Amino acid sequence: MMNKKTKKGDVLLSIKGLKIQGFSDEKWHDIINGIDLTLHAGEVLGLIGESGAGKSTLGLAAMGYTQPGCRITAGEIIFDGVDLTKLTDGEKRKFWGNRMTYVAQSAAASFNPAHRLIVQTTASTIRAGIKDQASAYKDAQHLYSVLNLPDPKHIGERYPHQVSGGQLQRVMTAMAMSPRPDLLIFDEPTTALDVTTQVEVLASMRSIVEEFNTAAIYITHDLAVVAQMADVIKVLRYGNEVEEAPTRQMLNAPQQEYTKSLWSVRSLEKTQQEAEVSILSLQSIDAAYGLEKVLHDVSIEVPKGSTVAVVGESGSGKSTAARVITGLLPQMSGIVRFDGEDLPPTLSNRSKDQKRRIQMIYQMADTAMNPRQTVREIIGRPLEFYLGMRGSEQTKRIVELLEMIELDVSFTERLPGELSGGQKQRICIARALAAEPDFIICDEVTSALDQIVQEGILKLLLRLQEELGLTYLFITHDISTVKAIADQVVVMNQGEVVEQGLKTEVFSPPHPDYTELLLSSVPEMDPDWLSNLNKKEIRS
Amino acid sequence: MHPVLKTVLGRLGLGLATLFIVSIIIFSAIEMLPGDFGQAILGQAATEETVAAFRRELGLDEPPYIRYMQWVGSAIQGDLGTSFSGRNASGTDRSREVIDLLAPRLWNTLFLAGITAIVAVPISLFLGITSALYRNSIYDRTVNTTTLTTISFPEFFVAYILILLLSSLYPVFPSLANVDASTPFTERLYRSALPALTLTLVIVAHMMRMTRAAIINLLASPYIQMARLSGASQTEVILKHALPNAWAPIATVIAFNLAYLVVGVVVVEVVFVYPGVGQLMVDAVTSRDIPVVQGCALIFAITYILLNLIADIIGIITNPRLLHPK
């Protein structure tokens with residue numbers, strides 16, 4: 001490449017003593033406190049950490065970019081001999097979209113809706129004068145085909161809304177690769193994708209990085225994903241480096257306690273319990289939003305006192321099933337039988353007691369609580385509504401509930417905005433428990449949380465189930481969460497139940513095709529997993 | 001059928017439905033006006049019989065729904081009826097067709113609105129885009145403060161200040177904008193300069209601020225950060241990445257202001273003695289010249305509906321989701 005000056009093995013990027021601050025709540029906070037980073041040409045560095053670790057800020061800083069409201073206070077960022085912190089925006093722009101490119105988390109939001117894909121793919125390449133329009137377009141079509149996009153000759157003619165999320169993410173990779181950069185920043189590029197899509201996107205991203213021998217920084221919170229992509233892994237926490245090591249060494253023998261705790265989260269596994277009596281059964285449910293039918297003849301049995309995990313990708317109908325159970329979406333046909341009686345389809349025809357016995361916990365604890373109500377009001381409302389508790393009796397019960405979810409009395413007068421993500425989800429659990437339900441639907445309750453926090457919530461739910469004899473319907477797209485919490489598993493795809501049964505049965509072969517695809521797509525903490533998977537696919 | 005065409009036809013249908021409802025409202029509102037035209041024209045001295053005969057002659061004795069049907073029926077054919085004024089007790093009829101009264105006035109109004117728009121819209125867009133580009137700079141603040149100041153003064157005040165400055169102290173333009181059909185184009189332009197300038201000062205702020213806000217609103221989008229990270233300059237970010245997605249709100253506010261230029265400028269017309277539709281309508285209301293009032297109201301309604309329709313269509317054709325469906 002004409003613009004590529006570095007050889008494999010040379011130091012491409014070296015960051016020394018970098019400090020970045022962000023402005024919020026009227027003062028400057030430290031986001032990055034003195035981090036060193038070295039990246040060689042052709043090397044892939046994985047940056048992992050939980051939210052707030054500063055990994056995205058560091059990734060952007062590697063390009064010399066800081067988000068509005070952030071500033072670099074110390075340190076240097078030397079890219080191929082040039083200190084980016086000393087350059088003006090105009091000078092840095094000569095690097096951006098040319099020698100260094102960026103792949104963002106949400107491709108759907110990161111493409112301009114007004115322009116065709118190929119125009120966006122090649123804009124920076126043409127602007128930098130690397131290629132003329134005709135050869136840049138031709139090259140883009142080549143990249144589309146390397147990335148396994150359908151109809152690579154013409155897909156570039158489309159607008160962003162005309163292709164799927166997984167395809168967009170690959171087009172964005174093509175866009176990042178178009179100028180043949182020396183450095184590529186991947187910022188959580190697969191987090192928003194379904195697991196079966198993620199595996200395809202990962203494979204195509206890795207092969208293209210290898211093909212052009214591009215150095216990359218791969219940012220993610222998912223260890224198994226980073227294990228497939230990175231040569232070296234760096235763990236961050238609160239803007240500090242925890243440790244850095246080559247991938248295999250890091251996976252096999254992490255040194256720091258924090259890293260070990262990150263690693264151990266995935267090993268949580270509930271011992272499966274078998275139960276006989278059903279508390280809830282869905283019988284041949286059909287349901288539709290308007291004219292669009294989304295559930296086709298769905299039957300699910302939920303044994304009393306156990307956890308049934310409903311797994312499936314977006315659009316599989318798992319949340320719709322929950323809406324039918326709670327009465328928010330009356331079914332077209334079929335029966336919802338709960339504890340021996342048929343539930344009326346519409347919420348307004350259900351008795352208060354029927355409503356009380358089925359509670360729900362949501363994915364976004366943030367939006368599931370009124371931001372102007374204190375914890376006392378949030379938990380107190382179901383106590384008063386369902387059980388008629390008021391005054392000191394109510395206060396006593398609120399304290400008990402807070403203890404159950406491992407929070408203390410001091411939380412009663414707080415507003416949701418004063419709680420962390422995990423604490424908010426705990427309050428939502430307490431609110432569900434306040435109604436003294438028998439059955440709780442957990443809709444992706446851990447998917448918006450960091451892994452260590454997830455583990456805490458899952459352990460809490462398991463303990464509560466043991467103590468109170470609760471039954472859970474646990475909706476998730478994450479297989480490791482299923483392993484952690486489920487007794488039984490229901491696999492859904494496109495509004496139909498593909499398979500259901502005990503966890504051990506569903507997770508061991510033989511599988512129906514879709515279950516097979518779903519299970520094999522879940523990244524494992526083995527750096528060779530993706531390569532082996534690809535070999536298997538080629539053979540079969 | 002292409003979905004955009006379908007949507008546009010749908011909007012057109014809705015526009016016609018709106019016009020129909022508006023025509024009922026206009027008619028009923030005038031029905032409810034207090035006082036009687038016959039009585040007003042013929043004076044207190046007229047006998048009951050004379051008034052009744054006069055009403056019969058004008059068709060005012062028919063029930064309202066029949067008169068409504070007659071009015072709408074002929075309006076569809078382009079006939080807005082005959083003005084009441086010009087008739088008198090002596091029986092001589094010097095009345096004129098509403099359309100003949102309205103047409104030259106409407107032409108004057110559209111002329112004034114047109115030249116104001118030609119000046120004001122590009123200025124607003126330019127100021128809006130550049131102030132978004134140099135957000136929070138001295139330039140941005142100056143533009144914002146100045147336009148806010150001009151919009152904050154009442155129109156007649158701005159008009160008189162302009163007359164004072166550009167007509168009295170430094171006589172550049174005439175303070176009277178009395179044009180008629182025989183006025184040559186350049187002379188017409190010269191005489192309309194001050195009212196057009198007044199209106200420009202009144203509408204620029206609104207359009208400029210909306211343009212600025214629509215663009216700045218988009219600057220927080222992830223695709224704008226993406227554009228920056230792929231090396232686009234600030235100018236390119238604004239013009240190529242933000243502006244194409246901002247047309248819908250900008251078009252709406254421009255349509256709103258253009259409609260105002262046609263229907264809401266009576267004060268400016270009075271100050272400059274400009275013979276526009278606004279003055280005609282006010283005169284007709286005072287003399288209870290019902291066909292003229294109805295005609296003007298209908299023209300105003302059509303203006304509003306048409307301009308909003310155009311803004312809607314611009315919103316649709318600049319939205320790639322609608323223009324290029326899956």
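Quick note on labels: first sequence line is chain A, next is B, and so on, each numbered from 1. From a predicted model like this one, the values you see are computed outputs, not experimental measurements.
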- Ignoring hydrogens and geometry, is there a side-chain-to-backbone donor-acceptor pair from A/His115 to B/Pro244 under 3.5 Å? no
- Query: Can you name the nearest heavy-atom pair linking B/Pro320 to A/Ala114, along with the distance?
  - Reply: CG-CA, 3.9 Å
- Task: Taking all non-hydrogen atoms of both residues into account, name the closest pair between A/Ala104 and B/Met226 and its distance.
- Result: CB-SD, 4.2 Å
Can you tell me if [X] has over 12 outside heavy atoms packed within less than 6.0 Å of its [atom1]?
{"X": "B/Phe153", "atom1": "CZ", "result": "no"}
{"X": "B/Phe126", "atom1": "CZ", "result": "no"}
{"X": "B/Leu5", "atom1": "CG", "result": "yes"}
{"X": "A/Lys293", "atom1": "NZ", "result": "yes"}
{"X": "A/Glu76", "atom1": "CD", "result": "yes"}
{"X": "B/Tyr68", "atom1": "OH", "result": "yes"}
{"X": "B/Tyr134", "atom1": "OH", "result": "no"}

- Item | Interface moiety of A/Tyr102 toward chain B, non-hydrogen atoms closer than 4.5 Å | both
- Side chain, backbone, both or neither: which part of A/Leu60 has a non-hydrogen atom closer than 4.5 Å to chain B? side chain
Can you tell me how far [atom2] of [Y] sits from [atom1] of [X], rounded to the nearest 0.5 angstrom?
{"X": "A/Phe95", "Y": "B/Leu229", "atom1": "CZ", "atom2": "CG", "answer": "14.5 Å"}
{"X": "A/Gln120", "Y": "B/Ser230", "atom1": "CD", "atom2": "OG", "answer": "9.0 Å"}
{"X": "A/Trp96", "Y": "B/Arg228", "atom1": "CH2", "atom2": "CZ", "answer": "9.0 Å"}

- Please flag which part of B/Ser221 lies under 4.5 Å from any non-hydrogen atom of chain A: side chain, backbone, both or neither. neither
- Message: With a 4.5 angstrom heavy-atom cut-off, is it the side chain or the backbone of B/Ala232 that approaches chain A, or both, or neither?
- Response: both
- Query: Based on non-hydrogen pairs under 4.5 Å, which of A/Arg127, A/Gln105, A/Met172 is most in contact with chain B?
  - Reply: A/Arg127
- Max heavy-atom pair count under 4.5 Å with chain B, selected residue of A/Ser124, A/Ala176, A/Pro113, A/Gly97: A/Pro113
- Message: Looking at chain A, which one of B/His241, B/Glu236, B/His324, B/Gln225 has the largest number of heavy-atom pairs inside 4.5 Å, strictly under?
- Response: B/His324
- Message: Do B/Tyr223 and A/Pro160 have side chains that approach each other closer than 4.5 Å (heavy atoms only, starting at C-beta)?
- Response: no
